[in-house]
Asker: 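Quick one: the structure is below, questions incoming.
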Amino acid sequence: MDAVGKPYRFVPPRFGHFIPALLQRCLPWYMDHKYGIERWEVRGAEGLRASIDAGHGVILTPNHSRDSDSVGIGFTGIRAGTFPHVMAGWHVLLESRFQQFIIPRAGGFSVLREGNDRQSVRTAIDLIAQGSRPLILFPEGYVTRTNDRLGILQEGATLIARQAASQRKKKNNGSAVIHPVIIKYQFCGNLEKATEPKLARLENKLSLPTDSSAALIERLERIQEAIIRDQEEKALGEPSEGLLSERASRLIDALLKPLEEAWGRIDGTTDTYERVRKLRSVILDHSVNKDVIEEENRRLHRQLAHCTWALKLSSYDPDYLAKEPCIERFMETLDSLEEDAFESIQVSRPWRMVLDIGDAIPVSPRDKTLGQQLKNAMGTQLAILATELNQPLP
């Protein structure tokens, strides 16, 4: 299901323990079956547990480079002996009836990321102010597809944290703290066995020659260029020239600028995620208009598809792999290209998932440096894990 034509309705969290406890028991099996994650490790759980025992209102802020993050973050609850609440994008609840049923009962609640969802924000503040369970907020706001690079941290997480801290202070209810969390993946399988079928499948799809003797990065760059060329022909009528990063940037503008002009959303913003968020907001608002006809709905779907492609292209950076040609960056780039070409990923295995819970950052209601503190902490944790877990590409 998708959100076109569906008016947003806030979905509140449930507070029972039975279903969260059942899901925690199933989580290791599910992560293995669904994502090929056969090993997992949580670091710093004792610090999280100490914050809970001290009665603090606790916020967990993980990075978000893969779809598996939103489920795998549950490992932190297993190790710390708690059942966190989580703010989940409304579109996630729309993906299936099962998710509509299970996410609220697991402690999740909806947020309309494309709009000003005051009810969701108020719920988040209240949960932290009451301090019954930790609250998980993904501060990047979307799946970045770059595990070794943080996206821009949105202001929502720190704004919620400061307001919750203010509420706790007024009620003499103790403090609020943020525990930054970095999720890092390491591939533990046979590289050639995992990548050769994927590369060959993509080359066949894109009518490229299959040369297993060519360097891995060279084959990947050819595939990336072919995907960009295909999108250029659709959006511009012909392929362009230049560095892939420059072409991706031009293509993003070609996809988004006509929509921004049509919907009156030109404001000088250069961040692709923010541009897409604003466009999705106005498009989805328009789609619930009762006078929208079927032909108009098809046009809106095409416009949303352009927004999705712009967001995907924002992760097309050849330097990301070239600067550190490691197995992990190669595998995640290959998976991203496979998803773009086929709209699905064939799971490789085995993967190891490491979740590093950082030290508590005290939240002061008026501390305007909180966002920078969070960014610095997450950046440091990520750099340490990347140095430890990334494996050189043969």
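All values below were derived from every heavy atom in this structure, side-chain atoms included, with hydrogens, water molecules and symmetry-related copies excluded.
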Asker: Is it the case that atom CD in Gln391 sees more than 12 heavy atoms from other parts of the structure closer than 6.0 Å?
Answerer: yes

Asker: Rounded to the nearest 0.5 Å, what separates atom OG in Ser166 from atom NZ in Lys171?
Answerer: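 Here the rounded value is 10.5 Å.
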
Asker: Let me check something: do Val71 and Val347 share a hydrophobic cluster, defined by ILVMFWY side-chain heavy atoms less than 4.5 Å apart, either directly or through other members?
Answerer: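 No; tracing contacts between hydrophobic side chains, which count when under 4.5 Å, never links both residues.
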
Asker: Closer than 4.0 angstrom, basic N to acidic O: yes or no for Arg275 and Asp267?
Answerer: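 No salt bridge links Arg275 with Asp267.
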
Asker: Is a side-chain donor-acceptor pair under 3.5 Å present for Glu328 with Asn147?
Answerer: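 On atom types as modelled, these side chains do not qualify, holding no pair under 3.5 Å.
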
Asker: Verify side-chain hydrogen bond (donor to acceptor under 3.5 Å, both in side chains) between Ser213 and Asp211, making sure each step is shown before the conclusion.
Answerer: CA-CA 5 Å; Ser213 65; Asp211 181 6; 2.5 Å; yes

Asker: Report whether Ile78 and Val58 are members of the same hydrophobic cluster (ILVMFWY, side-chain heavy atoms less than 4.5 Å apart, transitive linking).
Answerer: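 Result: yes, single cluster for both.
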
Asker: Taking the side chain from Ser281 and the backbone from Arg277, do they hold a donor-acceptor pair closer than 3.5 Å?
Answerer: no

Asker: Working to the nearest 0.5 angstrom, can you tell me the gap between Asp319 CG and Leu243 CG?
Answerer: 8.5 Å

Asker: Atom CG in Leu385, atom CD in Gln381: separation rounded to 0.5 Å?
Answerer: 7.5 Å

Asker: Could you report the tightest heavy-atom contact between Pro365 and Arg162, atom names first, then the distance?
Answerer: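 Minimum heavy-atom contact is O-CD, 3.3 Å.
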
Asker: Determine, stepwise, if the pair Leu370 / Ile178 fulfils side-chain contact (heavy atoms from CB on, under 4.5 Å).
Answerer: CA-CA 9 Å; Leu370 185 60; Ile178 294 177; 4.0 Å; yes

Asker: Treating Ile, Leu, Val, Met, Phe, Trp and Tyr as nodes and any side-chain heavy-atom pair under 4.5 angstrom as an edge, say whether Leu321 and Ile227 lie in one connected cluster.
Answerer: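 Yes; tracing contacts between hydrophobic side chains, which count when under 4.5 Å, links both residues.
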
Asker: If I compare all heavy atoms of Pro394 with all of Leu191, which pair ends up nearest, and what's the gap?
Answerer: CD-CD2, 3.6 Å

Asker: The test is side-chain contact (heavy atoms from CB on, under 4.5 Å); show your working for Asp67 and Ile345 and say whether it passes.
Answerer: CA-CA 11 Å; Asp67 289 338; Ile345 299 172; over 6 Å; no

Asker: Would you compute the distance between atom OG of Ser240 and atom CZ of Arg250 and round it to the nearest 0.5 angstrom?
Answerer: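 Atom-to-atom, Ser240:OG and Arg250:CZ are 4.0 Å apart.
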
Asker: Can you check whether Glu196 reaches Arg219 side chain to side chain, under 4.5 Å on heavy atoms?
Answerer: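 Side chain of Glu196 against side chain of Arg219, heavy atoms only: contact under 4.5 Å found.
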
Asker: Are the side chains of His286 and Glu296 in touch, meaning some heavy atoms are under 4.5 Å apart?
Answerer: yes

Asker: Between Leu135 and Leu159, is there shared hydrophobic-cluster membership here, with clusters defined by ILVMFWY side-chain heavy atoms closer than 4.5 Å?
Answerer: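 Looking at the clustering, Leu159 is in a separate group from Leu135.
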
Asker: For Ser249 and Glu246, indicate whether the former's side chain and the latter's backbone hold a donor-acceptor pair under 3.5 Å.
Answerer: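 Not a single qualifying donor-acceptor pair exists.
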
Asker: Would you say that Ser120 contacts Leu112 through its side chain, given a criterion of any heavy-atom pair below 4.5 Å between the two side chains?
Answerer: no

Asker: Does NZ or CZ of Arg113 fall inside the cone over Tyr142's six-membered ring, less than 6.0 Å from its centre and within 45° of the axis?
Answerer: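 No, Arg113 does not sit over the ring of Tyr142.
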
Asker: Got a donor-acceptor contact below 3.5 angstrom from the His179 side chain to the Gly358 backbone?
Answerer: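 Judged by distance alone, yes, a pair lies under 3.5 Å.
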
Asker: Working note: Trp90 + Arg9, criterion side-chain contact (heavy atoms from CB on, under 4.5 Å); need CA distance, chi angles, decisive distance, verdict.
Answerer: CA-CA 9 Å; Trp90 186 51; Arg9 293 182 179 88; 5.6 Å; no

Asker: Answer yes or no: is there an ion pair linking Arg201 with Glu338, defined by an N-O contact shorter than 4.0 Å?
Answerer: yes

Asker: Taking the six-membered ring of Tyr185, is the NZ or CZ of Arg66 close enough (under 6.0 Å from the centre) and on axis enough (within 45°)?
Answerer: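 Judged by the rule (NZ or CZ under 6.0 Å from the ring centre, within 45° of its axis), Arg66 counts as positioned above Tyr185.
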
Asker: Is the shortest distance from a Lys or Arg side-chain nitrogen in Asp230 or Lys205 to a carboxylate oxygen in the other one below 4.0 Å?
Answerer: no

Asker: Under the 6.0 Å and 45° cation-pi test, does Arg79 pair with Phe75?
Answerer: no

Asker: Assigning hydrophobic clusters by single linkage (Ile, Leu, Val, Met, Phe, Trp, Tyr; side-chain heavy-atom cutoff under 4.5 Å), is Leu153 placed with Val111?
Answerer: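 Per the 4.5 Å side-chain linkage, Leu153 and Val111 are co-clustered.
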
Asker: Give a yes or no on whether a salt bridge exists between Arg43 and Glu388, defined as a side-chain N under 4.0 angstrom from a carboxylate O.
Answerer: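 A salt bridge links Arg43 with Glu388.
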
Asker: How long is the straight-line distance from CD of Gln373 back to CG of Asn376, given to the nearest 0.5 Å?
Answerer: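 Going from the CG atom of Asn376 to the CD atom of Gln373 covers 8.0 Å.
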
Asker: After noting the C-alpha distance and the side-chain angles of Gln231 and Tyr316, does the key distance pass the side-chain hydrogen bond (donor to acceptor under 3.5 Å, both in side chains) rule?
Answerer: CA-CA 13 Å; Gln231 291 301 312; Tyr316 276 45; over 6 Å; no

Asker: In the structure I gave you, are the side-chain heavy atoms of Trp40 and Asp32 within less than 4.5 Å of one another anywhere?
Answerer: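 Result no, sub-4.5 Å side-chain heavy-atom pair not found.
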
Asker: Just so I know, are the side chains of Leu127 and Arg133 near enough to count as touching, which here means a heavy-atom distance under 4.5 Å?
Answerer: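 The answer is no, as the side chains (C-beta and beyond) never meet within the 4.5 Å cut-off.
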
Asker: Determine whether a donor-acceptor pair (N or O, by modelled atom type, separation under 3.5 Å) exists between the side chain of Arg49 and the backbone of Ala80.
Answerer: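 Yes; judged by distance alone, with no hydrogens or angles, the pair exists.
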
Asker: Might you point out which heavy atoms bring Ala310 and Thr272 nearest each other, and give the distance in Å?
Answerer: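 Result for this residue pair: O-CG2, 3.6 Å.
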
Asker: What pairs with Glu218 under salt bridge (Lys or Arg N to Asp or Glu O under 4.0 Å), at least two apart in sequence or on another chain?
Answerer: Arg222

Asker: Using modelled atom types only, decide if a donor and an acceptor are shared between the side chain of Gln99 and the backbone of Leu94 within a distance under 3.5 Å.
Answerer: no

Asker: Counting only N and O atoms by type, is there a donor-acceptor contact under 3.5 Å from the side chain of Gln154 to the main-chain atoms of Gly141?
Answerer: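 No; judged by distance alone, with no hydrogens or angles, the pair does not exist.
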
Asker: Using 0.5 Å steps for rounding, measure from the CG atom of Leu251 to the NZ atom of Lys234.
Answerer: 11.0 Å

Asker: Please check: side-chain N/O of Arg349 versus main-chain N/O of Glu38, any donor-acceptor pairing under 3.5 Å?
Answerer: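 Pair absent, no side-chain N/O of Arg349 close to backbone of Glu38.
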
Asker: Tell me whether Leu236 at atom CG has more than 12 heavy atoms from other residues, nucleotides or ligands lying less than 6.0 Å away.
Answerer: yes

Asker: Using only atom types and a distance under 3.5 Å, with no angle test, would you say the side chain of Lys198 pairs donor to acceptor with the backbone of Gln346?
Answerer: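 Yes, the answer is positive, given that a donor and an acceptor are paired below the 3.5 Å cut-off.
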
Asker: Does Thr123 use its side chain to pair, donor to acceptor, with the backbone of Gln119 at less than 3.5 Å?
Answerer: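 Here the side-chain-to-backbone pair exists.
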
Asker: According to the interplanar angle, ranging from 0 to 90°, do the rings of His17 and Phe83 count as parallel (below 30°), tilted (30 to 60°) or perpendicular (above 60°)?
Answerer: tilted

Asker: Please work out which of the three classes, parallel, tilted or perpendicular, describes the rings of Tyr30 and Tyr35, given edges at 30° and 60°.
Answerer: perpendicular

Asker: Kindly determine whether Ser315 and Tyr320 satisfy side-chain hydrogen bond (donor to acceptor under 3.5 Å, both in side chains), including the steps that lead there.
Answerer: CA-CA 9 Å; Ser315 69; Tyr320 177 68; over 6 Å; no

Asker: Kindly write out the residues that satisfy ring-ring contact (aromatic ring centres under 6.0 Å, His included) with Phe187, not counting sequence neighbours, or none if the list is empty.
Answerer: Trp351

Asker: Do Glu274 and Lys278 touch side chain to side chain, with heavy atoms closer than 4.5 Å?
Answerer: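 Sidechains of Lys278 and Glu274: in contact.
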
Asker: With distance as the sole test, does Gln186 use its side chain to make a donor-acceptor pair with the main-chain N or O of Arg352 at under 3.5 Å?
Answerer: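 No, because the side chain of Gln186 does not come within donor-acceptor range (under 3.5 Å) of the backbone of Arg352.
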
Asker: Do other residues, nucleotides or ligands put more than 12 heavy atoms under 6.0 Å from Asp359 CG?
Answerer: no

Asker: Dump the intermediate steps for side-chain hydrogen bond (donor to acceptor under 3.5 Å, both in side chains) on Lys184 and Asn63, then the final yes or no.
Answerer: CA-CA 9 Å; Lys184 175 65 181 159; Asn63 59 326; over 6 Å; no

Asker: Heavy-atom distance under 4.5 Å between the side chains of Glu41 and Leu355, does that happen here?
Answerer: no

Asker: Are Ile128 and Val363 packed together at the side-chain level, in the sense that at least one heavy-atom pair is separated by less than 4.5 angstrom?
Answerer: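 Side chain of Ile128 against side chain of Val363, heavy atoms only: no contact under 4.5 Å found.
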
Asker: side-chain contact (heavy atoms from CB on, under 4.5 Å), that's the test. Do Leu60 and Leu48 meet it? Break it down for me.
Answerer: CA-CA 9 Å; Leu60 299 174; Leu48 171 57; 3.9 Å; yes

